[in-house]
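This report refers to the structure that appears directly beneath it.
Index from 1, following the sequence. Predicted, not measured: the structure shown is a model, and the values here were computed from it.
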Amino acid sequence: MPPNLTGYYRFVSQENMDNYLRALDINVVLRKLVCLLKPDKEIIHTGDHMVIRTITSLRDYVMDFDLGVQFEEDLGPVDGRKCQTTVFWEGDQLVCEQLGEKRNRGWRHWLEGDQLHLRMTAEDEVCVQVFQKVK
């Protein structure tokens with residue numbers, strides 16, 4: 001049975017964000033700004049329904065979805081694109097596939113103790129973020 005990810009998580013660290021954003025064709029000014037942000041995550045996980053909020057001082061991004069059901073995700077706030085997105089469990093990892101203009105786009109969330117790990121991919125770039133559960 002997959003873990004329940006419900007909780008509030010504070011930013012701890014990230015690696016390779018600039019290159020990941022470059023692979024998404026984000027301009028240099030916005031890349032520099034995003035690299036300075038320290039986002040929090042709030043996850044509400046109820047059965048096969050999830051809401052994942054990424055919270056920053058600049059703007060919030062909300063994903064509201066049912067597991068295993070493809071939906072059109074509007075990534076306008078991120079990079080101006082739309083993707084056909086499906087989120088599902090692969091073992092203990094929550095996996096997101098985002099089909100669209102960019103190859104190999106998606107992410108994975110998993111827990112290690114009280115830490116939430118996020119691995120984001122686009123093209124050949126990988127960015128890893130770590131968050132600490134606070135409630």
With a 4.5 Å limit on heavy-atom distance, are the side chains of Arg105 and Cys83 in contact? yes
Taking all non-hydrogen atoms of both residues, which atom of Pro2 and which atom of Gly91 are closest, and how far apart? CB-O, 4.3 Å
Taking Thr56 for the side chain and Arg59 for the main chain, is one N or O donor matched with an acceptor at less than 3.5 Å? yes
Would you say Lys133's side chain and Arg10's backbone share a donor-acceptor pair under 3.5 angstrom? no
Over all heavy atoms of both residues, which pair between Ala122 and Ala23 is shortest? Give the atoms and the distance, please. O-CB, 3.6 Å
Are Tyr8 and Asp40 close enough, and set up right, to give a side chain to side chain donor-acceptor pair (under 3.5 Å), and what steps lead you there? CA-CA 7 Å; Tyr8 194 92; Asp40 287 348; 2.8 Å; yes
Of all heavy-atom pairs linking His45 and Leu5, the shortest is ND1-N, 3.2 Å
Using every non-hydrogen atom in the two residues, find where Tyr20 and Glu125 come nearest and quote the distance to one decimal. CA-CB, 3.9 Å
List the atom of Leu21, the atom of Cys35, and the distance in Å for their closest heavy-atom pair. CD1-SG, 4.4 Å
In this structure, would Val34 and Ile55 fall into the same cluster of hydrophobic residues linked by side-chain contacts under 4.5 Å? no
If only atom types and distance count, is the side chain of His117 paired as donor or acceptor with the main-chain N or O of Leu111 below 3.5 Å? no
Is there a side chain to side chain contact (heavy atoms under 4.5 Å, CB included) between Glu97 and Thr85? Walk through the geometry before answering. CA-CA 6 Å; Glu97 292 180 347; Thr85 299; over 6 Å; no
CA sep, side-chain torsions, deciding dist, call: Ile52, Leu94, side chain to side chain contact (heavy atoms under 4.5 Å, CB included): CA-CA 12 Å; Ile52 301 176; Leu94 186 64; 4.1 Å; yes
Heavy-atom distance under 4.5 Å between the side chains of His49 and Asp64, does that happen here? yes
Dump the intermediate steps for side chain to side chain contact (heavy atoms under 4.5 Å, CB included) on Leu58 and Leu37, then the final yes or no. CA-CA 8 Å; Leu58 184 61; Leu37 295 175; 4.2 Å; yes
Look at the side-chain heavy atoms of Ile, Leu, Val, Met, Phe, Trp and Tyr, link any pair under 4.5 Å apart, and say whether Met120 and Val12 land in one connected group. no
With hydrophobic residues grouped by side-chain heavy-atom distances under 4.5 Å, do Ile44 and Tyr61 end up in a single group? no
Phe71 vs Phe65 aromatic rings, parallel, tilted or perpendicular, using cut-offs 30° and 60°? parallel
I need the Ile26 CD1 to Arg31 CZ distance, nearest 0.5 Å. 8.5 Å
Glu90/Arg108 salt bridge by N-O under 4.0 Å criterion: yes
By salt bridge (charged side-chain N to carboxylate O under 4.0 Å, His left out) - contacts of Arg53 (at least two apart): Glu42, Asp60
Neighbour count above 12 (heavy atom, 6.0 Å) for Arg119 CZ: no
Between Thr121 (side chain) and Asn104 (backbone), is there a donor-acceptor pair under 3.5 Å? yes
Using 4.0 Å as the upper bound for N to carboxylate O, is an ion pair formed by Asp25 and Lys102? yes
Are Leu75 and Val95 linked, directly or through intermediate hydrophobic residues, by side-chain heavy-atom contacts shorter than 4.5 Å (ILVMFWY only)? no
Would you say Gln93 and His109 make side-chain contact, with heavy atoms under 4.5 Å? no
Would Val51 and Val62 count as a side chain to side chain contact (heavy atoms under 4.5 Å, CB included) here? Give the steps. CA-CA 7 Å; Val51 177; Val62 178; 3.9 Å; yes
Identify the heavy atoms of Val126 and Asn16 that sit nearest to each other, and give their distance. O-ND2, 2.8 Å
CD1 of Ile43 to CZ of Phe131, rounded to nearest 0.5 Å, is 8.5 Å
Within the structure provided, determine whether Met63 and Val87 are in side-chain contact (heavy-atom separation under 4.5 Å). yes
Are side-chain heavy atoms of Gln98 and Arg81 found at a separation under 4.5 Å? no
Would you give the length of the straight line joining atom CZ of Phe88 to atom CG of Asp48, rounded to the nearest 0.5 angstrom? 14.0 Å
Below 4.5 Å, heavy atoms only, C-beta onward: do Gln132 and Leu116 meet side chain to side chain? no
Looking at side-chain heavy atoms only, is the closest gap between Arg103 and Asp124 below 4.5 Å? yes
Do the side chains of Val134 and Tyr9 get nearer than 4.5 Å, heavy atoms only? no
Is it the case that the side chain of Asp66 and the backbone of Val69 share a donor-acceptor pair, with hydrogens and angles ignored and the cut-off at 3.5 Å? no
Taking CD in Glu15 as the centre, count heavy atoms belonging to other residues, nucleotides or ligands within less than 6.0 Å. Is the count above 12? no
